[in-house]
Novice: 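One structure, as structure tokens, below. Some questions next.
By convention here, the first residue in the shown sequence is residue 1.
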Amino acid sequence: MTQIALVTGASRGLGAAVAVHLAPTHHVVAVARTTGALEEVDDRIKAAGGQATLAPMDVTDPDAMAHLCRGIHDRWGRVDLWCHAAIHAAPLTPAGHLQPKDWERSVAVNATATATLIRMVEPLLLAAPAGRAIFFDDPRAGQKFFAGYGATKAAQMALARSWAAETAAIGPRVSILTPEPMPTATRARFFPGEDRAPLADPAAEARRLLTGI
């Protein structure tokens, strides 16, 4: 039976690397807003010998997410693995200068969309023999200039930790993993001009984090 992996935030960075890593063993449902970037990931998945279903959707659109989950249910009846890598990186700024539009987008992507997806994906994971969800931490809460990102990423992790505690005995299994710093577009926004040579390769990090999954 083909394993089904849902990867939200699959168009670049760690999410793309995770999608490609899973391709040999899973049919990947790759979700992101950018069609062109998703098509590039699809090319890499095919080169790895896998297959993907591309879903160019915004995770903040609950109707789109409901349509996605309904489509997965109708086609496969389950999700074996959900990897949630979707994130909004608001510009670094003092807390007193955080712009409303940046805050609202951060809350929408990092917190509200996560809560919506947990509610919608949980039944699909429970329909699998051993459904599992994976979140990726980046602890920035309380660091200077990280008010928007740090607060909403912490909210995302709080949701995941509560879900993990609630489902520990009954499933699905929920894990929170912490990647090493990688040369992603998100990190480039935070640390422009940084020497990227020492940073971990996203493909190597996907392999390290998901070994045995």
Novice: Determine whether a donor-acceptor pair (N or O, by modelled atom type, separation under 3.5 Å) exists between the side chain of R189 and the backbone of A89.
Specialist: yes

Novice: Is it the case that the side chain of Q156 and the backbone of N110 share a donor-acceptor pair, with hydrogens and angles ignored and the cut-off at 3.5 Å?
Specialist: yes

Novice: For Y149, is the NZ or CZ atom of R140 found under 6.0 angstrom from the centre of its six-membered ring and inside 45 degrees of the ring axis?
Specialist: no

Novice: So which atom in P172 and which in T167 form the shortest heavy-atom distance, rounded to 0.1 Å?
Specialist: O-OG1, 2.9 Å

Novice: Just so I know, are the side chains of T112 and T60 near enough to count as touching, which here means a heavy-atom distance under 4.5 Å?
Specialist: no

Novice: I need the R12 CZ to E40 CD distance, nearest 0.5 Å.
Specialist: 9.0 Å

Novice: L124 and V7: same hydrophobic cluster, using ILVMFWY side-chain contacts below 4.5 Å?
Specialist: no

Novice: Inspect the contact between D137 and R161 and indicate whether a charged nitrogen and a carboxylate oxygen are less than 4.0 angstrom apart.
Specialist: yes

Novice: Look up atom OG1 in T34 and atom CG in D58, then write down how far apart they are to the nearest 0.5 Å.
Specialist: 10.0 Å

Novice: side-chain contact (heavy atoms from CB on, under 4.5 Å) for I134 and L210? Distances and angles first, verdict last.
Specialist: CA-CA 9 Å; I134 295 177; L210 299 181; 3.7 Å; yes

Novice: Same cluster or not: L209 versus I45, using hydrophobic residues (I, L, V, M, F, W, Y) connected whenever any side-chain heavy atoms lie under 4.5 Å apart?
Specialist: yes

Novice: Taking atom CZ of R105 as the centre, report whether more than 12 heavy atoms of other residues, nucleotides or ligands fall under 6.0 Å from it.
Specialist: yes

Novice: For the residue pair T93 and L98, what are the closest heavy atoms and their distance?
Specialist: CG2-CA, 3.8 Å

Novice: Grab the two heavy atoms, one from T116 and one from P62, that are nearest each other, plus how far apart they are.
Specialist: CG2-CB, 4.4 Å

Novice: Do you know the tightest heavy-atom contact between M120 and C69?
Specialist: CB-SG, 3.8 Å

Novice: If you define the side chain from C-beta out and look only at heavy atoms, does anything of L199 sit under 4.5 Å from E194?
Specialist: yes

Novice: Would you check, one step at a time, whether the test side-chain contact (heavy atoms from CB on, under 4.5 Å) holds for K153 with F146?
Specialist: CA-CA 10 Å; K153 183 65 177 178; F146 276 92; over 6 Å; no

Novice: Is the count of non-hydrogen atoms from other residues, nucleotides or ligands lying under 6.0 Å from R173 atom CZ greater than 12?
Specialist: no

Novice: Would you give the length of the straight line joining atom CE of M182 to atom CZ of R196, rounded to the nearest 0.5 angstrom?
Specialist: 11.0 Å

Novice: What is the distance from atom CG of L68 to atom CG of D63, rounded to the nearest 0.5 Å?
Specialist: 12.5 Å

Novice: Would you say that V121 contacts H84 through its side chain, given a criterion of any heavy-atom pair below 4.5 Å between the two side chains?
Specialist: no

Novice: Quick check on the hydrophobic clustering: are V28 and V18 connected, directly or via other members, by side-chain heavy-atom contacts under 4.5 Å?
Specialist: yes

Novice: If I take atom CH2 from residue W163 and atom OG1 from residue T114, how far apart are they, to the nearest 0.5 angstrom?
Specialist: 10.5 Å

Novice: When you compare the side chain of E39 with that of T35, does any pair of heavy atoms fall below 4.5 Å?
Specialist: yes

Novice: Using the side-chain contact (heavy atoms from CB on, under 4.5 Å) rule, take V29 and I4 through it: C-alpha gap first, then chi angles, then the decisive distance, then the call.
Specialist: CA-CA 7 Å; V29 181; I4 308 301; 4.3 Å; yes

Novice: What are the two closest non-hydrogen atoms of S11 and A16, and how far apart are they?
Specialist: C-CB, 3.9 Å

Novice: Do the side chains of L14 and F190 join up, straight or via other hydrophobic residues, at under 4.5 Å, putting them in one cluster?
Specialist: no

Novice: Return yes when atom CD of Q51 has more than 12 non-hydrogen atoms of other residues, nucleotides or ligands closer than 6.0 Å, and no otherwise.
Specialist: no

Novice: Between K101 and E104, is there a side-chain N and carboxylate O pair less than 4.0 Å apart?
Specialist: no

Novice: Are M57 and W82 linked, directly or through other ILVMFWY residues, by side chains that come within less than 4.5 angstrom of each other?
Specialist: yes

Novice: Using atom types as modelled and distance alone, determine if a side-chain donor or acceptor of E205 lies under 3.5 Å from a backbone N or O of E180.
Specialist: yes

Novice: Take F136 and I87 through the test side-chain contact (heavy atoms from CB on, under 4.5 Å) and record every step on the way to the result.
Specialist: CA-CA 10 Å; F136 302 100; I87 198 71; over 6 Å; no

Novice: Would you check if the side chain of T25 reaches a backbone N or O of L22 as a donor-acceptor pair within less than 3.5 Å?
Specialist: yes

Novice: On a heavy-atom basis, which atom in A17 and which in P202 lie closest, and how many Å separate them?
Specialist: CB-O, 3.4 Å

Novice: Give, for atom CD1 of I118 and atom CZ of F135, the distance between the pair rounded to the nearest 0.5 Å.
Specialist: 4.0 Å

